[in-house]
Structures are given as structure tokens and as C-alpha cells.
Amino acid sequence: MHLRKLAVRNFRRLHDVVIDLASDISIFVGANNSGKTSVGHALQLFTGKGRFNIHDFNAELWTDIVRFGEGADAVSLPSLEVDIWFEVTSNDVHRVVDLLPSLSWSGSLVGMRVAFAPSNPEEIRSRFLAVRQLAVDAIPKDENGTPRYDPSPRNLWEYLRDNLNDEYELRYFVLDPTRFNAEMISEEGYEPTPLTGRDRSGREILNSLIQINFLNRHGFNRHLRVI
């Protein structure tokens, strides 16, 4: 069994990227700030090792976060996502049985989606507005009752900057490879199956399949090892 493909969405510079990996070893080569380190960091965070921060969201999404906090119509809170595809043989099926999309599954690909998603968007906005009001009420006012300065959090982006890991959570899904094309783009309207009701959590399943290690040595960039 080996890691076959990765699809990363909305994470830093990786707005929507599909990465093919070799069966033995893969080396990322590219210019500085091209996203090499971000791939490793994405895997590290999505496997539950570390804490996300607001700057992990692609900068193009920041406006949507602010607008959602303002109550704008047709705007939703964004999620960060990674699709992880494994190439398996008959000898490995027992290791990925939780990821089989159906009893009729056949072939060699199984997939898992991990999403860093808002726990409850409407409640997040309500909590932000409450914190915002407390901040405004607490600062000095001039003779007209106008706040002397605009306190933080001034918008939902600033609120999530300080509370992101309390308001977002990791969610796990089973992917059906028959619903994806050769570029691993899903068909329109496809909704993956939540990875619930198993004996193991999604995090436990994922960490039983891949291991992430970073090595810093002699000034070289970080190295990623996936086992």
C-alpha cells in the first residue's frame, strides 16, 4: 500500500492542488514560496499534530470570513480540506476496511477526506457578536458616548484569529473513487460519507495509515516522510 494522491484545498497558497506521488519515494522540487513546505504542514495539521491558525486559510477567503460575520447573504464560512488517496493491494484491504465506500467496492483506490470545518457557523457568528459588543462596551467613550477607539475583535477574522481551534474541528469522510474523474475531481453535487460509527475514530484510522516526520538538518528545507 502506498500514498497515491493528495488533493489540498484552501490551505495557504494551495487553493486547489492535486499532487501525484510515486510508490517508492517522492521529492518536492520548486522555487521558494511555491508551496512545498505547505504540503508537509497540511499533512501534519490534518493528522492532528499541531494547531491551525487563521493564516492557514488561503488569503482569498479572508473577505468571506469577514462578510459572514457581518451577516452577508450567500456567504458561508470556509473549510480547509485534504483528500488522501491510497493505492492498496488485496493483502492490505484489512488495513483500510473502514475506508471502503461500499460492500461492492473493487479496484485499488480508497480515499479519505479530512476537513477543518466550523463546528456551527451561526453559533460562531453569535459568539463573535457577543464578544465584539463586550469589547465595545468596555472601552472609554467621549462626551457624545462614542468609543474612543475601535477595539478588537473588529470583525470575525480577528475573532477567529484568537479562537479558531475552539470554533473549528476536524471531520473525516470516506471517499468513493467511482465519483471522481482521473484528475481526482469529484462529480458535481457529490457529498462524501461521514466517517462515523466505526470502532475507531477518523483520526485513529488516518494515523494508523500514515506517519509524518519533519527533519531539519544543515540548513536544508524540511523533509517529509510518509509511511
Side-chain angles (χ1 to χ4, degrees), residues 6-19 28 30-84 112-139 147-173 183-186 188-192 203 212 214 221-222 224:
L6 294 171
V8 186
R9 287 178 291 278
N10 296 335
F11 187 82
R12 301 183 188 175
R13 292 176 179 267
L14 308 177
H15 181 64
D16 191 357
V17 175
V18 177
I19 302 167
F28 297 147
N32 289 339
N33 296 318
S34 61
K36 303 186 302 298
T37 301
S38 291
V39 174
H41 280 158
L43 282 174
Q44 194 172 32
L45 292 169
F46 280 105
T47 52
K49 301 176 179 65
R51 293 170 63 82
F52 289 86
N53 70 71
I54 194 66
H55 297 283
D56 290 326
F57 286 85
N58 187 279
E60 294 180 5
L61 302 173
W62 293 359
T63 299
D64 286 345
I65 293 173
V66 172
R67 293 183 63 215
F68 181 84
E70 295 170 343
D73 293 333
V75 178
S76 58
L77 276 181
S79 297
L80 308 178
E81 295 181 348
V82 60
D83 291 353
I84 304 172
M112 171 189 281
R113 174 171 297 171
V114 187
F116 187 62
S119 55
N120 187 310
E122 293 302 326
E123 291 183 5
I124 291 172
R125 178 161 52 197
S126 294
R127 281 190 287 270
F128 153 64
L129 292 174
V131 170
R132 167 68 177 167
Q133 190 61 53
L134 286 173
V136 171
D137 291 344
I139 64 173
R148 294 187 181 277
Y149 61 91
D150 193 8
S152 180
R154 292 167 294 182
N155 53 54
L156 183 57
W157 186 95
E158 291 188 357
Y159 173 77
L160 289 177
R161 178 193 60 197
D162 301 326
N163 300 278
L164 181 63
N165 290 276
D166 295 324
E167 300 288 12
Y168 270 63
E169 62 187 8
L170 286 173
R171 297 177 183 171
Y172 303 85
F173 304 86
E183 287 73 39
M184 307 319 292
I185 299 173
S186 64
E188 187 175 355
Y190 171 65
E191 295 290 340
R203 179 174 177 176
I212 311 298
F214 277 100
N221 288 332
R222 293 180 176 90
L224 168 66

Within this structure, what is the OG1-CZ distance for the pair T47 and R203, rounded to the nearest 0.5 Å? 8.0 Å
S38 and R12: which non-hydrogen atoms are nearest, and at how many Å? OG-CD, 3.6 Å
Working to the nearest 0.5 Å, report the span between CG of L156 and CZ of R127. 11.0 Å
In the structure I gave you, are the side-chain heavy atoms of N163 and F128 within less than 4.5 Å of one another anywhere? no
Steps toward side-chain contact (heavy atoms from CB on, under 4.5 Å) verdict (Y172, M112): CA-CA 7 Å; Y172 303 85; M112 171 189 281; 4.1 Å; yes
Quick check: closest heavy atoms across I139 and Y149, and the distance to 0.1 Å? CD1-O, 2.8 Å
State, with a plain yes or no, whether a side-chain heavy atom of L129 is found less than 4.5 Å away from one of V131. no
From CG (L45) to CG (L170), nearest 0.5 Å: 8.5 Å
Is R125 salt-bridged to E123, going by a charged N under 4.0 Å from an acidic O? no
What verdict does the side-chain contact (heavy atoms from CB on, under 4.5 Å) test give for E122 and N120, after you've listed the backbone C-alpha separation in whole Å, the side-chain angles of each residue and the deciding distance to 0.1 Å? CA-CA 6 Å; E122 293 302 326; N120 187 310; 3.9 Å; yes
Test item: S79 and P118 side chains (from C-beta on) under 4.5 Å apart, heavy atoms: yes
Does this structure show an ion pair linking R67 with E70, if we count only N-O contacts that are shorter than 4.0 Å? no
Using atom types as modelled and distance alone, determine if a side-chain donor or acceptor of D64 lies under 3.5 Å from a backbone N or O of P78. no
Residue pair R132 / Y159, side-chain heavy-atom distance below 4.5 Å: no
Between the OG atom in S152 and the CD atom in E158, the distance rounded to the nearest 0.5 Å is 4.0 Å
Distance, nearest 0.5 Å, that separates CG of L14 from CG of L80: 10.5 Å
Working note: I84 + V82, criterion side-chain contact (heavy atoms from CB on, under 4.5 Å); need CA distance, chi angles, decisive distance, verdict. CA-CA 6 Å; I84 304 172; V82 60; 4.0 Å; yes
If you look at every heavy atom in Y190 and S186, which pair is closest and at what distance? CD2-CB, 3.8 Å
Quick one: closest heavy-atom pair of R171 and S119, and the distance? NH2-O, 3.2 Å
Can you find a pair of side-chain heavy atoms, one from N58 and one from F11, that are under 4.5 Å apart? no
Quick one: are R9 and R113 in side-chain contact, heavy atoms under 4.5 Å? yes
Within the structure provided, determine whether L6 and D83 are in side-chain contact (heavy-atom separation under 4.5 Å). no
Roughly how far, to the nearest 0.5 Å, is the CD1 atom of I124 from the CZ atom of F68? 7.5 Å
So for atom CZ, which belongs to R161, do other residues, nucleotides or ligands contribute more than 12 heavy atoms lying within a distance under 6.0 Å? yes
On the 0 to 90° scale, with breaks at 30° and 60°, tag the F52-F46 ring pair as parallel, tilted or perpendicular. perpendicular
So F116 and F57, would you call those rings parallel, tilted or perpendicular, with 30° and 60° as cut-offs? tilted
A side-chain contact here means heavy atoms from C-beta on lying under 4.5 Å apart; do Y168 and L160 qualify? yes
